[in-house]
Amino acid sequence: MLKNLLSCVGEYKKPSLLAPLSVTLEVFLEVLIPYLMATLIDQGISTGSMPIVIRYGLILVVAAMASLMFGVLSGHFAAVASAGFAKNLRREMYYRVQDFSFTNIDHFSTSSLVTRLTTDVTNVQNAYQMIIRIAVRAPIMLILALIMAARISPKLSLVYLCIIPILGIALYAIISHAHPIFVRVFKTYDKLNNVVQENVHGIRVVKSFVREDFEKKKFDEISGSIYHDFSKVEKLIAFNGPVMQFSVYTCMLLISWFGARLIVSDEMTTGQLTSMFTYTMQILISLMMLSMIFVMTIISRAAMERINEVLIETPDIANPEHALTEVPDGSIVFDHVSFSYTGDAKKLCLKDIDLTIRSGETVGIIGGTGSAKSTFVQLIPRLYDVTSGAVRVGGHDVREYDMQVLRDAVSMVLQKNVLFSGTIKDNLRWGNKDASDEEMLHACQLAQADEFIQSFPEKYDTHIEQGGSNVSGGQKQRICIARALLKKPAILILDDSTSAVDTRTDALIRKAFAEEIPHTTKLIIAQRISSVQDANKIIVLDNGAVSAVGTHEELLASNPIYQEVYYSQVKEGADHE
């Protein structure tokens, strides 16, 4: 895990090394200052020698200024290194997510990925900054202060050997009990983010069903769970303070008691006792710093594990070694294809699909809810890999193509397609970043989107809010169809993507497709029979298997499922007249 995370330090290795180096020099000077002070007191002040007082006084000033300078440098380098490390972590996670297949994405919820990219990375950033600065400072100061204290008085330094084990046991007890709670808290954060995301995204539905109180209650329950866990863990960590104070005051009292006796017996000078008090504070402050590092480690350990889960997730779909870089045509063959989301042959979503679709054909796909229509078309651009069998596009197995080449040749328009914040032009250029204004206009005319776009005050420069919340469902679908057409694909897949437009507009879109892109293979998933009845052939799916394939007339004469859908829609239409 640490190896994966530390590889993200990257170009920030230099400040990551300069920070602990600066800290080491700072600590060395801090530990030296009490020794110089003791010398100044014993050899200068006690004897009344002003030259010694001035000499050691100047040395102390220089040492203090140098220590301050190295302290500032260590803070600067640590801040640069930790911020850069966090930037690289976020970048690596985000880039890794971009390479995920749908199967990989299914392993993580959206809210969980957001938490990992934000809260978890911030926790790791803070921990890294402490490690390259305080985690270096504390042990070096502890060791050097112990050495100096032992050099001044071996007898008094034995006090530390009694206190440190007690402190270590107490800190270990706190850590071992707190870590599992932090792991649970981060998982609850995922749930909280999910609730907030769902509520904000579906706020219109919440208000239309007057479910604000229900949503507030759901939020309060999860937020209360986080409060309960954090309160519990903070109470555990709060013991860190009293334990440290007990150790500090115990050491001070013991050193005062035994030090006074040593001064009386002329085994120690006043200056040495003064320096012992300073070293005592340095030793115990070092231990307190270490305890802070332990606390931060508890918090960040769970975050590191969650980040590492994303970094080690291996995309299950990758380019072959000698990938094909051209799709010859839009022909599609399903060669005894079966598919399962879990890879379990006993839990198949698609079962032994055996179909041939010629290039340029228009194919309708009909089936009830849960018949795996969307899964069927998602295998074509290789969003998922088949469990058995093969899908061939242009005469080649889709697993032989370079994925970018394949997906550039296949345009998908989903029922729940997404528009991104930006202008209409910005969204259209997702299909072709180099598309001219004329090409965008033509694509929108084919998708029957130009008419309503021209009605906007800013026309194609109209700003689209995140998710396309300021356009209607039908307008959103038509912009998405135009965006897909700009790719000039060999295969166009419409996954129930005209469900929000009226039948007249739907007919105009299909007419434009037939006239303008006759050589593009068109797969149309629809609930309305009218959307597919003019197709070259219609595939009827039932529970993941092909029930029948034929023209509208053939299926209407022979297939019960198609007949049921058709007559129910005909009856419904008659009832509305």
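By convention here, the first residue in the shown sequence is residue 1.
- The closest side-chain heavy-atom distance from C480 to L419 is below 4.5 Å.
- Two residues are said to be in side-chain contact when any heavy atoms from C-beta on lie closer than 4.5 Å; R137 and E30 meet this criterion.
- M412 has its side chain within reach of L383: a pair of non-hydrogen atoms, C-beta onward, lies under 4.5 Å apart.
- Classification of E92 and K87 as a salt-bridged pair fails, no side-chain N sitting under 4.0 Å from a carboxylate O.
- At distances below 3.5 Å, not a single donor-acceptor pair connects side-chain atoms of S82 with backbone N or O atoms of N126.
- A salt bridge is defined here as a Lys NZ or Arg NE, NH1 or NH2 lying under 4.0 Å from an Asp or Glu carboxylate O, and R429 with D434 fails to meet this definition.
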Determine whether T423 and D426 satisfy the following criterion, side chain to side chain donor-acceptor pair (under 3.5 Å), listing intermediate values before the conclusion. CA-CA 5 Å; T423 65; D426 293 335; 3.1 Å; yes
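- By the 4.5 Å heavy-atom criterion applied to side chains, M304 and I307 are not counted as neighbours.
- A donor-acceptor contact shorter than 3.5 Å links the side chain of R116 to the backbone of R306.
- The closest side-chain heavy-atom distance from I424 to K459 is not below 4.5 Å.
- Under the 4.5 Å side-chain criterion, counting only non-hydrogen atoms from C-beta, R133 is not in contact with P20.
- You'll find the ring centres of F70 and F28 outside the 6.0 Å limit.
- Within the 3.5 Å criterion, the main-chain N or O of W430 finds no donor-acceptor partner in the side chain of R483.
- With respect to D402 and R382, no salt bridge is recorded, no charged nitrogen being found less than 4.0 Å from a carboxylate O.
- In this structure, the side chain of K487 does not engage the main chain of A409 through any donor-acceptor pair within 3.5 Å.
- Under the 30°/60° scheme for interplanar angles, the aromatic rings of F85 and Y128 are found to be tilted.
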Please evaluate residues E221 and K216 with respect to the criterion salt bridge (Lys or Arg N to Asp or Glu O under 4.0 Å), reporting the C-alpha separation (whole Å), side-chain torsions for both, the decisive distance (0.1 Å), and the verdict. CA-CA 9 Å; E221 286 177 355; K216 289 175 182 176; over 6 Å; no
